[in-house]
Amino acid sequence: MATKNHNLSEYDINSVPDAKGMTFGIVVAEWNENITAALLEGAKSTLIKHGVDQDDINVMTVPGSFELIYGAAQMVKTDVDAVIAIGCVIRGDTPHDRYICQGVTAGLSQLNAQQDTPVIYGLITTLDMEQAQDRAGGKMGNKGDECAITAIKMVDFRRKIKG
Ligand code: RBF
């Protein structure tokens, strides 16, 4: 699918399994809090819309996106069916943002490859604040919604493959 005009909040509702009884951990970075709070809200409301009990969503914050790796690594050890990692890295004056993005992407990838619980990539990486707002409930939808749907589908995947 072309990403240019892809709205992150649009999905085929019939393709989403019933999420009743599923449990989720959400790790949220405090950096760019205006954006990550909106992503969190999207993720939570979409999980609940698909049947998840509010009490079955465990939200923990970490200071910045780099700490999502540790946060998610700890969260997968708890009794949750999937973990969503939410952060927002905005391009700065130095290459620091790129190192953070590479680190988080590699760290979360490693978690997915090495342990049993799915970890969902909810990091938005943008050139400026406007692009971030567009993806946190603005004209491109909400990446948090997309993460919630992905998380539900991955829990369903895991259940099916384990039989
Ligand atoms: N964390 C984010 O989640 N988003 C950012 O855009 C972001 N930019 C940063 C820029 C600089 C120059 C530094 C030093 C840190 C930044 N961080 C950002 C925080 C980072 O993820 C981590 O919390 C800190 O580097 C730990 O000290």
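For ligands, and for the atoms within them, numbers begin at 1 and follow the listed sequence.
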Student: Quick one: look up the protein heavy atom nearest atom 25 (O) of ligand 1 and list residue, atom name and how far away it is.
Tutor: His96 NE2, 4.0 Å

Student: What residue and atom, counting heavy atoms only, is the protein's closest point to atom 20 (C) of ligand 1, and at what distance?
Tutor: Ile100 CD1, 3.8 Å

Student: Kindly identify the option in Gly64, Ser65, Gly92, Cys88 whose heavy atom sits closest to atom 4 (N) of ligand 1.
Tutor: Cys88

Student: Does any N or O of ligand 1 fall below 3.5 Å from an N or O anywhere on Phe66, backbone included?
Tutor: yes

Student: Return yes or no for this condition: an N or O of Pro63 is under 3.5 Å from an N or O of ligand 1.
Tutor: no

Student: Where on Ile90 is there a heavy atom closer than 4.0 Å to ligand 1, on the side chain, on the backbone, on both, or on neither?
Tutor: backbone

Student: To check your reading of the model: name the closest protein heavy atom to atom 8 (N) of ligand 1, its residue, and the distance in Å.
Tutor: Trp31 CZ3, 3.2 Å

Student: Of all the non-hydrogen atoms in the protein, which one sits nearest to atom 24 (C) of ligand 1, and at what distance?
Tutor: Glu67 OE2, 4.1 Å

Student: Short check: is a protein heavy atom less than 4.0 Å from atom 27 (O) of ligand 1?
Tutor: no

Student: Looking at Val83, Ile152, Ile84, which hits side-chain contact (heavy atoms from CB on, under 4.5 Å) with Ile120?
Tutor: Ile84

Student: For Arg91 and Leu127, work out which heavy atoms get closest and say how close.
Tutor: CB-O, 3.6 Å

Student: For the backbone of Gln131 and the side chain of Asp128, can you confirm whether one donor and one acceptor N or O come within less than 3.5 Å of each other?
Tutor: yes

Student: Any donor-acceptor pair under 3.5 Å linking the side chain of Gln102 with the backbone of Tyr99?
Tutor: no

Student: Assess whether side-chain contact (heavy atoms from CB on, under 4.5 Å) is satisfied between Arg158 and Asp116, documenting all intermediate values.
Tutor: CA-CA 9 Å; Arg158 185 180 174 215; Asp116 234 18; 3.4 Å; yes

Student: In plain terms, say whether Asp53 and Lys20 are close enough for a salt bridge, that is, a side-chain N and a carboxylate O under 4.0 Å apart.
Tutor: no

Student: Give the atoms of ligand 1, by number and element, whose distance to some non-hydrogen atom of Asn32 is under 4.0 Å.
Tutor: 4 (N), 5 (C), 6 (O)

Student: So does Asp145 pair up with Lys49, basic N to acidic O under 4.0 Å?
Tutor: no

